[in-house]
2 protein chains.
Amino acid sequence: MVRRSGRRPGNQDTRSSILDAARSAFAEKGYDKASIRAIAAEAGVDPALVHHYFGTKDKLFLASMNAPIDPGTLIPQALRGPREEAGERLVRLVLSVWDSPAGTTALGMFRSALSNEWTARLLREFVITQVLRKAVAELALDPVEAPARAALVATQIAGLMVARYVLKLEPLPSAAPEALVAAIGPNVQRFLTEPLPAKLSAADGG
Amino acid sequence: MVRRSGRRPGNQDTRSSILDAARSAFAEKGYDKASIRAIAAEAGVDPALVHHYFGTKDKLFLASMNAPIDPGTLIPQALRGPREEAGERLVRLVLSVWDSPAGTTALGMFRSALSNEWTARLLREFVITQVLRKAVAELALDPVEAPARAALVATQIAGLMVARYVLKLEPLPSAAPEALVAAIGPNVQRFLTEPLPAKLSAADGG
DNA sequence: GTCTATAACTCGATAGAC
DNA sequence: GTCTATCGAGTTATAGAC
């Protein structure tokens with residue numbers, strides 16, 4: 001192991017336990033209700049240290065959201081394959097990500113977007129740039145229809161999130177992922193590939 | 001007109017303008033972020049008056065949610081009729097309620113449920129007692145399957161709410177209601193009447 | 001019935017000692 | 001690098017004058 005000279009970086013344990021605490025707090029409470037004081041308490045450090053490491057609460061949120069999920073590769077993977085099963089694969093991907101430990105990050109992003117303006121904007125842009133464009137390319141969607149299809153898919157996916165993870169409407173929270181894939185996948189599939197009502201694919205909204 | 005003796009009741013104008021302001025504030029911000037001060041300011045009254053009329057913030061929320069919507073009659077109306085079109089009628093009902101002035105109330109309830117534990121519970125119980133049971137009766141659903149069907153329908157409806165009214169993901173906010181009915185109705189229909197994956201209708205969630 | 005004043009808390013952020 | 005102490009701005013809710 002090479003001993004580097006110069007100043008040692010900040011204690012990595014402290015920094016990463018703050019990040020862990022932040023992720024779970026944001027996931028559980030959303031951006032607004034997650035307090036820096038509570039995050040610091042859970043991490044076992046002083047609240048001032050949080051500011052020392054991350055500056056403002058905004059930056060802490062961004063830092064805690066950045067690490068673990070890379071939709072840039074996950075989404076194309078899920079969409080690749082037989083066109084008729086893309087819907088099921090998408091639902092399966094969503095559930096596997098959200099049920100994994102890394103899913104607390106995504107849950108934090110989502111919960112925050114539901115109650116906070118700037119995080120909502122963040123999510124909107126994320127959906128558009130990271131998901132929509134990938135889907136257009138991968139599935140060769142008609143560019144005129146793509147936004148409407150993406151938004152419709154988003155209604156079903158977001159609704160699944162809300163009902164299963166936020167409202168906890170039984171039997172969704174305790175259902176096996178594959179059962180949900182079988183139940184919901186075909187609806188997503190329909191939004192992806194079935195013909196759309198003409199009025200929806202029009203550029204304007206009347 | 002009969003002149004009653006004794007003390008005059010509180011100024012009804014003041015009371016109802018507080019209620020109006022509360023409804024729109026709760027709809028716009030959700031329970032937590034809607035402040036009594038802001039509600040009082042919008043109603044043009046003193047914050048202390050809000051407490052005088054309604055007691056706590058909880059009670060003000062309940063009072064502002066109670067008046068305008070009676071799902072006990074709306075839901076059965078929407079479900080009655082040809083079974084194959086129940087999904088479309090349900091989506092149409094939801095959109096017509098939420099786009100109407102009275103819809104701000106429902107929007108408040110919904111936004112609040114997304115970020116606050118006790119209002120989420122309120123909504124859950126509302127869905128179960130006011131919507132689910134009516135649907136079971138009206139559509140003659142198998143009681144074993146009914147909770148799963150209701151929850152699945154809820155994913156699509158809640159997702160529509162979230163994407164159209166909260167995240168405002170274009171082109172949903174500016175789309176004509178009938179276009180959304182045509183696009184989404186069939187998916188709701190599928191949840192209502194198509195066969196379910198066996199695992200979902202089981203009582204447990206193992 | 002209405003409003004002023006304030007109690008009793010939360011929060012994010014900062015300054016400065018060590 | 002860490003912590004104490006504190007500022008300033010929020011919040012709900014209440015007590016009491018008029």
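The basis for the numbers below is simple: all heavy atoms, side chains too, and nothing from hydrogens, waters or symmetry mates. Every chain is numbered from 1 and lettered A, B, ... according to where its sequence line falls, protein lines coming before strand lines.
- With respect to the salt-bridge test (charged N to carboxylate O, under 4.0 angstrom), the residues A/Glu178 and A/Arg92 qualify.
- Proximity of B/Tyr53 to the phosphate of C/dG1: no side-chain N or O atom is located under 4.0 Å from OP1 or OP2.
- The distance between atom CZ of A/Arg37 and atom C1' of D/dC3, rounded to the nearest whole Å, is 14 Å.
- In this entry the distance linking CD1 of B/Ile36 with C1' of C/dA8 reads 16 Å, nearest Å.
- Considering only the side chain of B/Leu49, C/dT2 comes nearest among C/dT2, D/dC3, D/dT11.
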Subject >> Candidate pair A/Ser174 and A/Glu170, rule side chain to side chain donor-acceptor pair (under 3.5 Å), full reasoning >> reply: CA-CA 7 Å; A/Ser174 48; A/Glu170 288 293 349; 2.7 Å; yes
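- Counting non-hydrogen atoms under 4.0 angstrom, B/Ala34 reaches the backbone sugars and phosphates but no base.
- Side-chain proximity of B/Ala48 to C/dA13, D/dT11, D/dA15: nearest is D/dA15.
- Ion pair B/Arg149/B/Glu145 flagged as a salt bridge, since at least one NZ, NE, NH1 or NH2 atom sits closer than 4.0 Å to an Asp/Glu carboxylate oxygen.
- The interatomic distance linking A/Leu60 (CG) with C/dG12 (P) rounds to 10 Å, in whole Å.
- Between A/Trp98 and A/Tyr165, the ring-plane angle classifies as tilted under the 30° and 60° cut-offs.
- Rounded to whole Å, the distance from CG on B/Asp46 to P on C/dA5 is 11 Å.
- Between A/Glu125 and A/Arg121 there is a salt bridge, since at least one side-chain N of the basic residue sits less than 4.0 Å from a carboxylate O of the acidic one.
- Whole-Å rounding puts the B/Ile39 CD1 to D/dT11 C1' distance at 13 Å.
- Distance B/Lys33 NZ to C/dT10 C1': 16 Å, rounded to the nearest Å.
- We find that CG of A/Asp58 is positioned 14 Å from C1' of C/dC11, with the value rounded to whole Å.
- Not one side-chain nitrogen or oxygen of B/Thr14 sits closer than 4.0 Å to the OP1 or OP2 atom of C/dG1.
- Atom CZ in A/Arg15 sits roughly 12 Å away from atom P in D/dT2 (whole-Å rounding).
- Residue B/His52 has its side chain nearest to C/dT2 when only D/dT2, C/dA13, C/dT2 are considered.
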